[in-house]
There are 4 protein chains.
Amino acid sequence: MSSHVSSVRNNKKTEKKIRIQEAAIHVLARNGYHGTTVSQIAKAAGVADGTLYLYFENKDDLLLKIIHERTGQFIEDGRAILESIESPMDRLHKFAELHLASLGADEDLACIFQIELRHNIRMMKNFSETRLRKYFNILEIIITEAQEQGRIRKEIEPRHTAKLIFGVLDELVTNWLLSERDYALVDMADPTLDILFNGITSRT
Amino acid sequence: MSSHVSSVRNNKKTEKKIRIQEAAIHVLARNGYHGTTVSQIAKAAGVADGTLYLYFENKDDLLLKIIHERTGQFIEDGRAILESIESPMDRLHKFAELHLASLGADEDLACIFQIELRHNIRMMKNFSETRLRKYFNILEIIITEAQEQGRIRKEIEPRHTAKLIFGVLDELVTNWLLSERDYALVDMADPTLDILFNGITSRT
Amino acid sequence: MSSHVSSVRNNKKTEKKIRIQEAAIHVLARNGYHGTTVSQIAKAAGVADGTLYLYFENKDDLLLKIIHERTGQFIEDGRAILESIESPMDRLHKFAELHLASLGADEDLACIFQIELRHNIRMMKNFSETRLRKYFNILEIIITEAQEQGRIRKEIEPRHTAKLIFGVLDELVTNWLLSERDYALVDMADPTLDILFNGITSRT
Amino acid sequence: MSSHVSSVRNNKKTEKKIRIQEAAIHVLARNGYHGTTVSQIAKAAGVADGTLYLYFENKDDLLLKIIHERTGQFIEDGRAILESIESPMDRLHKFAELHLASLGADEDLACIFQIELRHNIRMMKNFSETRLRKYFNILEIIITEAQEQGRIRKEIEPRHTAKLIFGVLDELVTNWLLSERDYALVDMADPTLDILFNGITSRT
DNA sequence: AATGAATGAGTATTCATTCAT
DNA sequence: GATGAATGAATACTCATTCAT
């Protein structure tokens, strides 16, 4: 019974935390980190300013936790989906699709990742050393497996290639965000992978 | 005579402006835009706070002008160098080398481009619509020419490919900046181009 | 029976109130009034923040009541002890000893009296008009009695002298608190009274 | 010439600093340290909030500097006056008069010393270790000299006596501040010194 | 042109207090 | 009685920008 009560309490607490995070994502995406006041976020979340500090240590921590939790979720979800795919080349394809589809589906979140995350070199480093490392690891494993199966050239350096793939996808997202967004981001997956897989040079 | 005086004056003016910009690049690279005060820049440049406003409209304008002028210079220099190269494939190669070499040679400037530029969505848009457009245009022309010469596949979309190439190079620079920087950035050019040119798939 | 229950209830209530006060004395002595939060006191007392307000009107009232009750107790105790002493000069001596001994025995409480009490001119006035008045009255009576017995000079103004004695003792306590506290406060009683009784001038 | 300019500048700077300090003394005496906002002080001084921070590190530093400078001045002035007095007993008398007269002449400053200074244990310690030490030293020297001349009893411990004298004077000031102030503080000097010199016991 | 003292708008954060449970 | 989550008023301090000299 007490566990039930506590679980209800936890749900309520989590619920409010999520409400604040979602409000924050929305406001931060529009105004940027330094253009957003804590009061704005609190108002958007429908709580008092002080309430924010019951769930987050400070404004910085709020942004940090948003990025940390959302990317963590993304990586978990992605891992689960990818595991069910046999061929490493198909996995690579799915990987790119997931990246583009998920950021293309939530412009606010995309804005936070592409613009706000880069604000702060400390935050970038933290992100780079935790999430990006995991992200690269997944890619590396796929690439290595594909090499073992003879699908990818042996001379290719997996970690270097992981960076390239991330760089390409990252640029596509940023470009889309700065554009009129009159095309579906995920549609860029196929032509992009064509180049990565086959190169741009003609073989005649 | 008066023109001579004015030119001297201009030189003096330009000289001080450059001194301020160089001081700013150094300080901004270390502390970030929001971590740097106008006073700090002024002190580093050896001028009074108010003097800064004789050369730049405001703090934002200072960063904007630094990025604008340095990238303008880079593009002009690059264009000149590339014009002397016959083969479009060699030009492409040189292009990537120039990108990596110039940013790898000036860590402070690289920091400004990779981190500070992204602070501000307005600044990003401005950059994207002016400098990045020119940058992409150069790439597009090279790619188109290579296609005409049958060196690059006809199905390849030049603008899309330009984005990809920029994305890849951009990611390499950012990664290098966040790393220990114990390798030469320009050395990444060859393996990167190998992938872009030939793709990652094996052909057996 | 109901009176029994109520008395038990009162005891319980009193007990918790005292627990809060003791926790408060400890925390306030270390951190000072403005350096102490209500939460800290509540935590130290092992109760919820809100509980504090069932026993005290507000944070100010808590400090006020501590000082009021402790000094009230001290004065009652002192009065009882002094009554049993015949000679007014011995009473005066005992008085000084009590002052120094009781504050020297509880550094936390001493800290509250010497430092925290002075926070607030309103609190000071209140203290001065209630407790200090009583304190001075006791001294005055002793002095007057000693004058009647010819032990103290007739020209001496009792109230003025009461202030002097308090001032001297008060300074001794403050000095001790700010010192390394490597001596017993009560040991200052004798040399101090020697001066007050006999003056500093030599009579040869 | 440049020295003249600089001296004018210094005067101007000093002048504004003093203006701020005087405004602060006035406001702090009425509202107490924690009851006074920086804005209130700035407005009372006729400057902008930020200007205050050109002259003082922070609110704390402002109070600290007021106390430090005023007591420093008081001690210097006092020393000069006392030096011109031959007899150590007369010096002692003058000393007490100076203490009471100077604080009795500036109620605001007195309030700061008697109430605000005690707020903060850190400030008290600082004051005790710098100003109070000097103050005690002056007293000690006078007392020792008087002992050598056979005017004060040999058994008297000079430092202990210095504390007593300070304690007595301090209490007189505080009492006066908390009273209706319908008497001249300096008039307390004579009866007080009578007791300190001759003691309270009758000699018949 | 150059200065740098002065400005004052702008904001993250704290914490005493309340009140629904 | 007891709780502690929620509140939101209150404030020291910063710093881009100005302008009299």
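Residue numbering restarts at 1 for every chain, and letters A, B, ... go by the order of the sequence lines. FYI, side chains are in, hydrogens and waters are out, and symmetry mates aren't considered; it's all heavy atoms of this structure. A quick note: this is a predicted structure, and the numbers were derived from the prediction, not measured.
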Once you round it to whole Å, what is the distance between [atom2] of [N] and [atom1] of [X]?
{"X": "Tyr53(A)", "N": "dG8(F)", "atom1": "OH", "atom2": "P", "result": "16 Å"}
{"X": "His34(B)", "N": "dT11(E)", "atom1": "NE2", "atom2": "P", "result": "12 Å"}
{"X": "Asp60(D)", "N": "dT11(F)", "atom1": "CG", "atom2": "P", "result": "16 Å"}
{"X": "Glu15(D)", "N": "dA5(E)", "atom1": "CD", "atom2": "P", "result": "15 Å"}
{"X": "Arg19(A)", "N": "dA6(F)", "atom1": "CZ", "atom2": "P", "result": "9 Å"}
{"X": "Leu54(D)", "N": "dG8(E)", "atom1": "CG", "atom2": "P", "result": "13 Å"}
{"X": "Tyr33(D)", "N": "dT11(F)", "atom1": "OH", "atom2": "P", "result": "13 Å"}
{"X": "Phe56(B)", "N": "dA1(E)", "atom1": "CZ", "atom2": "C1'", "result": "15 Å"}

| field | Which residue lies more 5' along DNA chain F, comparing Gly46(A) with Gly46(C) via nearest heavy atoms | value |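 It is Gly46(C) whose nearest nucleotide is closer to the 5' end.
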| request: For Leu52(B) and for Asp49(C), find the nucleotide of DNA chain E with the closest heavy atom, then tell me which residue's nucleotide is more 5'. | output: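 The residue whose closest nucleotide sits nearer the 5' end is Leu52(B).
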| remark: Taking for Glu57(C) and for Val47(D) the nucleotide of DNA chain E with the nearest heavy atom, the one nearer the 5' end belongs to Val47(D)
If we ignore hydrogens and angles and just use 3.5 Å, is the side chain of [X] paired with the main-chain N or O of [Y] as donor and acceptor?
{"X": "Tyr55(D)", "Y": "Ile18(D)", "answer": "no"}
{"X": "Arg118(D)", "Y": "Phe113(D)", "answer": "yes"}
{"X": "Ser128(B)", "Y": "Met124(B)", "answer": "no"}

| Tell me, what's DNA chain E's dot-bracket, Watson-Crick or G-U with both distances under 3.5 Å, | for other-strand, [ ] crossing? | .||||||||||||||||||||
Using only side-chain N and O atoms of [X], determine if any of them is under 4.0 Å from OP1 or OP2 of [N].
{"X": "Lys59(D)", "N": "dT11(F)", "value": "no"}
{"X": "Thr51(A)", "N": "dT7(F)", "value": "yes"}
{"X": "Lys16(D)", "N": "dA5(E)", "value": "no"}
{"X": "Tyr55(D)", "N": "dA5(E)", "value": "no"}

| message | Categorize Val38(A) for me: base, sugar-phosphate, or nothing, with a 4.0 angstrom heavy-atom threshold over every strand shown. | response | base
| Separation of Met123(A) CE from Leu117(A) CG (nearest 0.5 Å) | 8.0 Å
| query | If you round to the nearest 0.5 Å, how far is CD1 of Ile67(B) from NZ of Lys65(B)? | reply | 12.5 Å
| message | As a test of reading the structure: which of dT3(E), dC15(E), dA12(F) is closest to the side chain of Ala48(B), going by heavy atoms? | response | dT3(E)
| Do Lys43(B) and Val27(B) come close enough that some side-chain heavy atom pair is under 4.5 Å? | no
| Charged N to carboxylate O below 4.0 Å: is that the case for Asp108(C) and Arg30(C)? |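 Yes, Asp108(C) and Arg30(C) are salt-bridged.
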